[in-house]
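The chains referred to below are lettered A, B, ... by the order of the sequence lines, with proteins before strands, and numbering in each begins at 1. Because only heavy atoms are used, hydrogens play no part in the values below, and waters and symmetry mates are left out as well, while side chains stay in.
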Amino acid sequence: MPLELFNTLSGKIEPLFASDGTALRMYCCGPTVYDYGHIGNFRTFLHVDVLRRAIRMFGITPRHVMNITDVDDKIIRNAAAAQLPINTYTARYEKAFFEDMQALGCETPEAIARATENIDGMVSLIERLAQQDIAYKVEDGSWYFRIARFPDYGKLSGKDLEGIQDGARIDSDEYEKDSARDFALWKATKPGETSWDTPLGTGRPGWHIECSAMAMKYLGDSFDLHAGGEDLMFPHHENEIAQSEAATHVPFARHWFHVRFLLVEGKKMSKSEGNFYTLRDLLLKGHRASAIRFLLLSVPYRHQLNFTFDGLTESTNAIERLRTFHQRILTGKWPTLAVANNNDPVLSNLIAQGDTNFTASLANDLNTAEARAAIFDVIRAVNTAADRNTLTQPDADATLALLAKFDTIFAVLNDTDAELTKAALAWAEAEGRMADVSTEVLEKFGANSLTDAAIDALVADRTKAKAQRNFARADAIRNELLEKGILIEDSKEGVRWKRK
RNA sequence: GCACCGGUGGCGAAGUGGCUAACGCGCUGGUCUGCAAAACCAGUAUUCAUGGGUUCAAAUCCCAUCCGGUGCUCCA
């Protein structure tokens with residue numbers, strides 16, 4: 001079964017493969033590091049993460065390059081306002097970005113490419129275009145791409161040139177262009193602005209050129225897949241194709257992958273709507289990193305996702321069930337799991353079917369919703385068998401193997417939520433953002449929160465009270481802990497507790 | 001204005017021509033428990049925005065209407 005994925009360029013679902021027979025070369029448009037990443041950004045990166053994980057699950061090696069845009073108008077403006085050199089300014093946000101990616105369980109790409117470290121490549125690419133008279137310089141020293149010389153322009157986004165021309169807003173800074181549609185390859189700078197002295201003149205790169213130059217540097221003139229958020233389709237990716245193919249005369253990326261925007265509480269996320277959330281905002285409010293990952297992945301990448309706090313609660317609960325089940329199979333406890341001797345072929349088949357369904361769902365254009373459902377089907381069946389003492393060791397093993405497979409994609413079973421929230425809390429403290437921390441988080445993880453030892457002591461008290469059949473005392477302790485977010489569970493195997 | 005996507009149970013969401021409309025969360029009742037929790041069992045949409053049409057057969061295709069969202073400009 002091949003892994004198939006919708007290709008924006010062809011408008012069809014097509015199999016993915018490594019055209020060089022070794023590795024699937026993919027380029028993903030990364031962040032512009034001028035601020036902390038928000039959940040919209042991460043929906044895209046999370047689905048790219050699932051894509052690369054799925055590629056590996058299907059036996060293909062990914063070679064994934066992601067860029068960091070560390071120079072652009074906003075960075076220059078904000079760095080100047082902060083009176084910092086741009087690299088000092090961007091370094092903190094780049095660091096934060098990778099911390100956030102890790103918190104969300106994203107794997108690190110095989111290569112990271114920074115725009116400011118690849119100016120030479122961009123300059124030579126523009127020079128190649130200039131030799132063909134496709135790039136031209138205007139009086140102020142900026143260079144533009146002559147769209148009229150690239151007849152395929154618009155093939156990705158399906159735009160016709162006339163429409164663009166009519167709708168184009170003319171930027172007052174961009175004068176002397178041959179056509180309003182032509183886009184900047186190299187921007188002349190004003191004295192004092194961040195700039196590079198190059199054969200093209202003094203200036204800085206246009207936005208699109210970095211991705212063309214860096215993708216080609218790391219992956220070759222032609223490569224397998226290019227990814228990004230849906231907004232990048234036009235003009236960014238369209239312009240990348242134009243620049244690259246006009247220079248090389250070979251196809252740029254074969255397969256284009258675009259992730260749809262999310263809504264927040266039914267509306268487009270924006271600062272003015274007051275529904276704009278960074279990952280850090282959510283962690284400080286007490287939401288778990290794993291629940292955020294799971295929620296953002298629960299709706300397939302080509303569908304709009306409505307991010308809500310109810311949805312986050314739902315995901316938190318769903319993950320609890322997954323983890324509880326995983327622990328049950330792993331430990332044979334909570335509730336007790338007795339191993340049966342007689343094999344139940346119906347159950348064995350069900351587990352195998354779950355495995356097949358999981359794989360098939362991902363193969364079908366990364367249907368993460370269906371893949372998720374396949375796992376829950378198995379969970380219910382195996383729990384039922386376990387409760388009836390009909391689960392055999394081979395079936396338990398097969399279930400664990402399936403969970404492991406599930407987790408190579410979803411990566412939510414391993415519980416690191418508490419440490420991630422603590423790290424966010426430490427960050428808030430260091431940055432003077434304690435006002436953003438919810439009381440719930442402070443109670444659970446702040447300086448006055450209960451230590452594990454203190455909880456264990458209270459639990460021991462309660463167990464003693466229970467042994468004396470002093471249930472009033474036992475329940476009082478349980479309620480006291482519950483108010484502090486600690487949930488106690490009794491079972492035949494003894495008592496366990498967890499932080500809610 | 002032009003282009004496009006979507007409207008499925010209380011909520012989220014899969015399914016895009018043919019078995020009883022997945023799955024998750026929630027809720028109700030039961031089993032277990034001192035009581036809870038966890039887990040299980042049963043119940044939770046005779047119906048897929050609305051109206052018309054095509055078809056032996058439609059949530060799935062066509063037309064119209066209403067509603068939500070997106071792009072055309074920096075944006076994941």
Colleague: Is there a donor in the side chain of A/Gln393 and an acceptor in the side chain of A/Asp397, or the other way round, less than 3.5 Å apart?
Modeller: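 There is such a pair (donor and acceptor under 3.5 Å, judged by atom type) between the side chains of A/Gln393 and A/Asp397.
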Colleague: B/G12, OP1 or OP2 - any side-chain N/O from A/Asn306 closer than 4.0 Å?
Modeller: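 No, because none of the side-chain N or O atoms of A/Asn306 sits under 4.0 Å from OP1 or OP2 of B/G12.
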Colleague: Start at the 5' end of RNA chain B and walk down; is the nucleotide closest to A/Leu487 or to A/Lys74 reached first?
Modeller: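 Nearest-nucleotide comparison on RNA chain B picks A/Leu487.
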Colleague: May I ask you to evaluate whether A/Trp207 reaches the phosphate of B/C75, defined as a side-chain N or O under 4.0 Å from OP1 or OP2?
Modeller: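 Affirmative; the distance criterion is met.
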Colleague: Under 4.0 Å between a side-chain N/O of A/Asn383 and OP1 or OP2 of B/C40, yes or no?
Modeller: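 So the side-chain polar atoms of A/Asn383 do come within 4.0 Å of the phosphate oxygens OP1 or OP2 of B/C40, strictly under.
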Colleague: Would you say the side chains of A/Asp73 and A/Trp207 form a donor-acceptor pair under 3.5 Å?
Modeller: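 No - no donor-acceptor pair under 3.5 Å links their side chains.
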Colleague: Can you tell me if A/Asp140 and A/Ser142 form a side-chain donor-acceptor pair at under 3.5 Å?
Modeller: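 Indeed, the side chains of A/Asp140 and A/Ser142 share at least one donor-acceptor pair under 3.5 Å.
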Colleague: If I pick the P atom on B/U50 and the same atom on B/C11, what distance separates them, to the nearest angstrom?
Modeller: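 These two P atoms come out 14 Å apart once rounded.
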Colleague: Within the 4.0 Å heavy-atom criterion, would you say A/Pro300 contacts the bases, only the backbone, or no part of the nucleic acid?
Modeller: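 The answer is sugar-phosphate, as A/Pro300 gets under 4.0 Å only of primed atoms, P, OP1 or OP2.
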Colleague: What's the CZ-C1' distance between A/Arg473 and B/G34, to the nearest Å?
Modeller: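 My rounded result for the distance is 17 Å.
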Colleague: Measuring only the C1' atom in each nucleotide, how far is B/U60 from B/G6? A whole number of Å is fine.
Modeller: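 Straight-line distance between the two C1' atoms is 14 Å.
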Colleague: If the cut-off is 4.0 Å, is A/Arg260 near the phosphate of B/G6, judged by side-chain N/O to OP1 or OP2?
Modeller: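 No.
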Colleague: Taking the six-membered ring for Trp, are A/Phe145 and A/Tyr153 closer than 6.0 Å centroid to centroid?
Modeller: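 No, the ring of A/Phe145 stays outside the 6.0 Å limit from the ring of A/Tyr153, centre to centre.
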Colleague: Looking at the base of B/A76, is there any donor atom on it, or on the side chain of A/Arg43, that sits under 3.5 Å from an acceptor on the other one?
Modeller: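 Not at all, since no donor on one side and acceptor on the other fall under 3.5 Å apart.
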Colleague: To the closest 0.5 Å, what do you measure between CG (A/Asp70) and OG1 (A/Thr194)?
Modeller: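 With rounding to 0.5 Å, CG (A/Asp70) is 10.5 Å from OG1 (A/Thr194).
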Colleague: For B/A21 versus B/C2, give the span between their C1' atoms, rounded off to a whole number of Å.
Modeller: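 Looking at atom C1' only, B/A21 and B/C2 are 37 Å apart.
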Colleague: Nearest whole angstrom, please: distance from the P of B/A13 to the CG of A/Leu262.
Modeller: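 For the pair A/Leu262 CG and B/A13 P, the rounded distance is 12 Å.
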Colleague: Tell me whether the side-chain N/O atoms of A/Lys268 come closer than 4.0 Å to OP1 or OP2 in B/G71.
Modeller: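 Affirmative; the distance criterion is met.
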Colleague: What is the separation between atom CG on A/Asn41 and atom C1' on B/A76, rounded to the nearest whole Å?
Modeller: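 Checked: the CG to C1' distance equals 5 Å.
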Colleague: Can you check the distance between B/C27 and B/A49, where both ends of the measurement are the P atom (answer in whole Å)?
Modeller: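 My reading of the P atoms in B/C27 and B/A49 gives 27 Å.
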Colleague: Going by modelled atom types, is there a donor-acceptor pair between the base of B/G34 and the side chain of A/Asp475 at under 3.5 Å?
Modeller: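 Indeed there is one.
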Colleague: Using heavy-atom distances to pick each residue's nearest nucleotide on RNA chain B, tell me which of A/Leu232 and A/Thr384 is more 5'.
Modeller: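 Final value for this comparison: A/Thr384.
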Colleague: Is there a Watson-Crick or G-U wobble partner for B/C35 with both distances under 3.5 Å, and which nucleotide is it?
Modeller: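 Its partner: none found.
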Colleague: Mind checking the C1' distance from B/U54 to B/A64? Whole angstroms is fine.
Modeller: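 To the nearest whole Å, 15 Å.
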Colleague: What is the distance, to the nearest angstrom, from the CG atom on A/Leu322 to the P atom on B/C25?
Modeller: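 From A/Leu322 CG to B/C25 P: 8 Å.
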Colleague: Can you tell me, in whole Å, how much space there is between the C1' of B/C48 and that of B/G12?
Modeller: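 Taking atom C1' in both B/C48 and B/G12, they lie 16 Å apart.
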Colleague: Just name whichever nucleotide pairs with B/A49, Watson-Crick or G-U, keeping both distances under 3.5 Å, else none.
Modeller: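 Result: B/U65.
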Colleague: Go ahead and name the base partner of B/G71; Watson-Crick or wobble counts if both distances stay under 3.5 Å, otherwise write none.
Modeller: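 Pairing partner: B/C2.
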Colleague: What integer distance in Å separates A/Glu230:CD from B/A3:C1'?
Modeller: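 Taking CD of A/Glu230 and C1' of B/A3, I get 13 Å after rounding.
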Colleague: Does A/Lys285 make a cation-pi contact with A/Tyr277 (under 6.0 Å, within 45 degrees of the axis)?
Modeller: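 A/Lys285 over A/Tyr277 ring: no.
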Colleague: Taking only the side-chain nitrogens and oxygens of A/Asn364, find out if one of them lies under 4.0 Å from OP1 or OP2 of B/G15.
Modeller: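 The answer is no; no side-chain N or O of A/Asn364 sits under 4.0 Å from OP1 or OP2.
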Colleague: Taking NE2 from A/His236 and C1' from B/U73, how many angstroms apart are they, rounded to a whole number?
Modeller: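 Taking NE2 of A/His236 and C1' of B/U73, I get 15 Å after rounding.
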Colleague: Looking at A/Arg321, does any N or O in its side chain come under 4.0 Å of the phosphate oxygens OP1/OP2 on B/G24?
Modeller: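 It does, given that an N or O in the side chain of A/Arg321 lies less than 4.0 Å from OP1 or OP2 of B/G24.
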Colleague: Quick one: the side chain of A/Asp490 and the base of B/C35, do they pair up donor-acceptor inside 3.5 Å?
Modeller: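 Between B/C35 and A/Asp490, which were checked side chain against base, a qualifying N/O pair under 3.5 Å is present.
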Colleague: For A/Leu305 and B/G6, give me the distance from atom CG to atom C1', rounded to whole Å.
Modeller: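 To the nearest whole Å, that distance equals 13 Å.
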Colleague: Can you check whether A/His303 has a side-chain N or O nearer than 4.0 Å to OP1 or OP2 of B/A14?
Modeller: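 A/His303 to B/A14 OP1/OP2: side-chain N or O found under 4.0 Å.
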Colleague: Hey, is the side chain of A/Gln304 pairing donor to acceptor with the base of B/G69 inside 3.5 Å?
Modeller: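 Checked by distance alone, the answer is no.
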Colleague: Roughly how many Å apart are B/G71 and B/A38, using the P atom of each and rounding to a whole number?
Modeller: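 It comes out at 41 Å once rounded to the nearest Å.
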Colleague: Give the intermediate values and the outcome of side chain to side chain contact (heavy atoms under 4.5 Å, CB included) for residues A/Tyr93 and A/Tyr34.
Modeller: CA-CA 6 Å; A/Tyr93 293 112; A/Tyr34 70 99; 5.7 Å; no
Colleague: Taking a pair as Watson-Crick or G-U wobble with both distances under 3.5 Å, which nucleotide is matched to B/C27?
Modeller: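 B/C27 is paired, partner B/G43.
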Colleague: Measuring only the C1' atom in each nucleotide, how far is B/U47 from B/U8? A whole number of Å is fine.
Modeller: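 To the nearest whole Å, 9 Å.
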